[in-house]
Structures are given as structure tokens and as C-alpha cells.
Visitor: 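Okay, here's the structure, questions in a sec.
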Amino acid sequence: YYDFQKADDEVIQLASTIAMGTTHTLSCWFKHEGTGIQTYFGFGSGAYFDIQNTLDDFVYQVGSQACTIDISDTYGAALSENVWYHIVAVRDGTTVSFYLNGVKLGSNTNGSMTGTDSLETLGGEYGSDVDYTIDGKGRDFRMYDEALSDDQVASLYSNSLNVTPLHWWKCDEVAGN
């Protein structure tokens, strides 16, 4: 895993930006060690996939357009600190579906979310300050250039998916401070 240090404004800056279309899947394993806003994937121009409101809302934003889901509405509670979770966002056009531990929490559609962006950072927003970085440990960050199905996300969670990601950052060795 990679040990992100929020106090040090630590993120993984990708060697080059990765263009993302309007159809893709982002996933990672994460263990939160704080409850503030924490960004898993940072896109260009202040866009992101993150968790907000004391670990209770997933937010996927491109430009000024966002799709959000309240975790406790489906999961029964906000996420806890110091527990590993498998987190997935599947974007298919203007709809984003959110998954937790292989189970679909729900989808949100924003008809105005037609733009695309580029993946630039892991563990924080690109060019942001410490308020939008992660406090915790992350591993197995993946980007697929397709919208994975519910069954495929469940297989990804159980480590039996036979689809190769477009990009994969294992982060399987302790790093960070």
C-alpha cells in the first residue's frame, strides 16, 4: 500500500496525464485515517472522485458538473476510519454509478456532465492544497477504458475479474513518509 500523509500534502503525481473519455471505471482499495474531504483520483482543472461530509458522500466531478451519492442511504452508515474498503466509480456518459466492496450503492445522472478530463494524480486533487489530499493508505488504483458491469465490479472486488485495466498502479509496497 501507499501511506498518504495528509499533513504533508502528499499525492502521487502521474508521470503524464491520461485522457479519460466519457466512459471509464476507476477503482482502488482504501483505508481512511481521517474524516475530512479526501480525493482518490484527481483530474485536471479541479475535477475529482472523492469522499466528503465525514466519509458519507461519494462525489465524482468533471468541470463544474458533479454526480453524488449518500453512502449511508444504501450502506446504512458512513464509512469508518481504519477499515479497508474497495471503492469504484463507473462513468457511462452522463451517469456515474458508485460501488462499495463490490456492491452497487446507486447511480446519479447529470445531463450537463458531458465533458471529459485527464487523470493526473492519485490521492489528491491536481494542484490542490492539503484540504483535498488523503489521510490514509491506498493500493491497487485502476483505470479501465470501459464501463464495468455490476457483475464485473463484484468480480473485481473478489479479485477474479479477467479484464486488464488500461492503467494500474499497484502500490503494493509501503511508500510515503
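For reference, positions follow the sequence shown, starting with 1. For the numbers below, each heavy atom of this structure counts, side chains included, while hydrogens, waters and symmetry mates do not.
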Visitor: Under the side chain to side chain contact (heavy atoms under 4.5 Å, CB included) criterion, do Lys104 and Ser97 qualify, and how do the steps go?
Guide: CA-CA 7 Å; Lys104 188 175 189 175; Ser97 300; 3.6 Å; yes
Visitor: Atom CZ of Phe98 and atom CD1 of Ile87: how far apart are they, to the nearest 0.5 Å?
Guide: 11.5 Å
Visitor: State which residues pass side chain to side chain contact (heavy atoms under 4.5 Å, CB included) with Leu166; sequence neighbours excluded, sorted by chain then number.
Guide: Met143, Asp145
Visitor: Does Lys170 make a cation-pi contact with Trp168, if we ask for NZ or CZ under 6.0 Å from the ring centre and within 45° of the axis?
Guide: yes
Visitor: Do Leu26 and Ile69 belong to the same hydrophobic cluster, where Ile, Leu, Val, Met, Phe, Trp and Tyr are linked whenever their side-chain heavy atoms lie under 4.5 Å apart, directly or via other members?
Guide: yes
Visitor: Roughly how far, to the nearest 0.5 Å, is CG of Asp92 from OG1 of Thr23?
Guide: 4.5 Å
Visitor: Consider only side-chain heavy atoms of I, L, V, M, F, W and Y, link residues closer than 4.5 Å, and tell whether Met113 and Phe41 are in one cluster.
Guide: yes
Visitor: Please evaluate residues Thr22 and Thr114 with respect to the criterion side chain to side chain contact (heavy atoms under 4.5 Å, CB included), reporting the C-alpha separation (whole Å), side-chain torsions for both, the decisive distance (0.1 Å), and the verdict.
Guide: CA-CA 7 Å; Thr22 58; Thr114 58; over 6 Å; no
Visitor: Is there a side-chain contact between Ile51 and Gln38 in this structure, where contact means two heavy atoms from C-beta onward sitting under 4.5 Å apart?
Guide: yes
Visitor: Atom SG in Cys171, atom CG in Leu122: separation rounded to 0.5 Å?
Guide: 6.5 Å
Visitor: How about Asp56 and Leu79: do any of their side-chain heavy atoms sit closer than 4.5 Å?
Guide: no
Visitor: Would you call the rings of His86 and Trp29 parallel, tilted or perpendicular if under 30° counts as parallel and over 60° as perpendicular?
Guide: tilted
Visitor: So which atom in Ala47 and which in Gly63 form the shortest heavy-atom distance, rounded to 0.1 Å?
Guide: CB-N, 3.9 Å
Visitor: For the residue pair Tyr99 and Tyr157, is the inter-centroid distance of their aromatic rings smaller than 6.0 Å?
Guide: no
Visitor: Taking all non-hydrogen atoms of both residues into account, name the closest pair between Ser160 and Ser158 and its distance.
Guide: OG-OG, 3.0 Å
Visitor: If I take atom CD1 from residue Ile71 and atom CG from residue Asn53, how far apart are they, to the nearest 0.5 angstrom?
Guide: 9.5 Å
Visitor: Checking Ser80 now: which residues fulfil side chain to side chain contact (heavy atoms under 4.5 Å, CB included) with it, not counting sequence neighbours?
Guide: Val83, Tyr85
Visitor: Does Val90 share a hydrophobic cluster with Val96, counting links as ILVMFWY side-chain heavy atoms below 4.5 Å and allowing steps through other members?
Guide: no
Visitor: In this structure, which one of Leu161, Val163, Asp151 forms a side chain to side chain contact (heavy atoms under 4.5 Å, CB included) with Leu156?
Guide: Leu161
Visitor: Strictly under 6.0 Å, is that where the ring centroids of Tyr40 and Phe30 end up?
Guide: yes
Visitor: For the atom pair CG (Asn110) and OG1 (Thr94), what is the distance rounded to the nearest 0.5 Å?
Guide: 7.5 Å
Visitor: Taking all atoms of both residues into account, what is the closest heavy-atom pair of Ile134 and Phe4, and its distance?
Guide: O-CB, 3.5 Å
Visitor: Indicate the atoms forming the closest heavy-atom contact of Leu119 with Gly42, along with that distance.
Guide: CD1-O, 3.6 Å
Visitor: Should we say atom CG of Asn159 is surrounded by more than 12 heavy atoms from elsewhere, each under 6.0 Å from it?
Guide: no
Visitor: Determine, step by step, whether Lys137 and Asp3 satisfy the side chain to side chain contact (heavy atoms under 4.5 Å, CB included) criterion, reporting the C-alpha distance in whole Å, the side-chain angles of both residues, the deciding distance to 0.1 Å, and the verdict.
Guide: CA-CA 5 Å; Lys137 296 171 177 59; Asp3 189 2; 3.9 Å; yes
Visitor: According to a 4.5 Å side-chain heavy-atom criterion applied to Ile, Leu, Val, Met, Phe, Trp and Tyr, with indirect links allowed, do Phe49 and Phe141 form part of one hydrophobic cluster?
Guide: yes
Visitor: Give me the atom names and distance for the closest heavy-atom approach of Ala147 to Arg91.
Guide: CB-O, 4.1 Å
Visitor: Is it the case that the side chains of Asp70 and Ser72 hold a donor-acceptor pair, with the cut-off being a distance below 3.5 Å and no angle test?
Guide: yes
Visitor: Is the Phe43-Tyr60 ring centre distance short of 6.0 angstrom?
Guide: yes
Visitor: Passes side chain to side chain donor-acceptor pair (under 3.5 Å), Asp50 versus Gln52? Steps please.
Guide: CA-CA 7 Å; Asp50 71 9; Gln52 299 181 7; 3.3 Å; yes
Visitor: Here's one to test your reading of the geometry: is the NZ or CZ of Arg139 within 45 degrees of the ring axis of Trp84 and under 6.0 Å from its centre?
Guide: yes
Visitor: Go through the steps for Leu14 and Trp169 under the test side chain to side chain contact (heavy atoms under 4.5 Å, CB included), then give the verdict.
Guide: CA-CA 10 Å; Leu14 303 182; Trp169 303 270; 3.6 Å; yes
Visitor: Would a hydrophobic clustering, with Ile, Leu, Val, Met, Phe, Trp and Tyr connected at side-chain separations under 4.5 Å, put Phe58 with Val62?
Guide: yes
Visitor: Could you report the tightest heavy-atom contact between Ser118 and Ala19, atom names first, then the distance?
Guide: OG-CA, 4.0 Å
Visitor: Test your reading of the model: is there a side-chain donor-acceptor pair from Thr25 to the backbone of Leu148, 3.5 Å cut-off?
Guide: yes
Visitor: Return the CD to NE2 distance between Glu81 and His32, rounded to the nearest 0.5 Å.
Guide: 9.5 Å
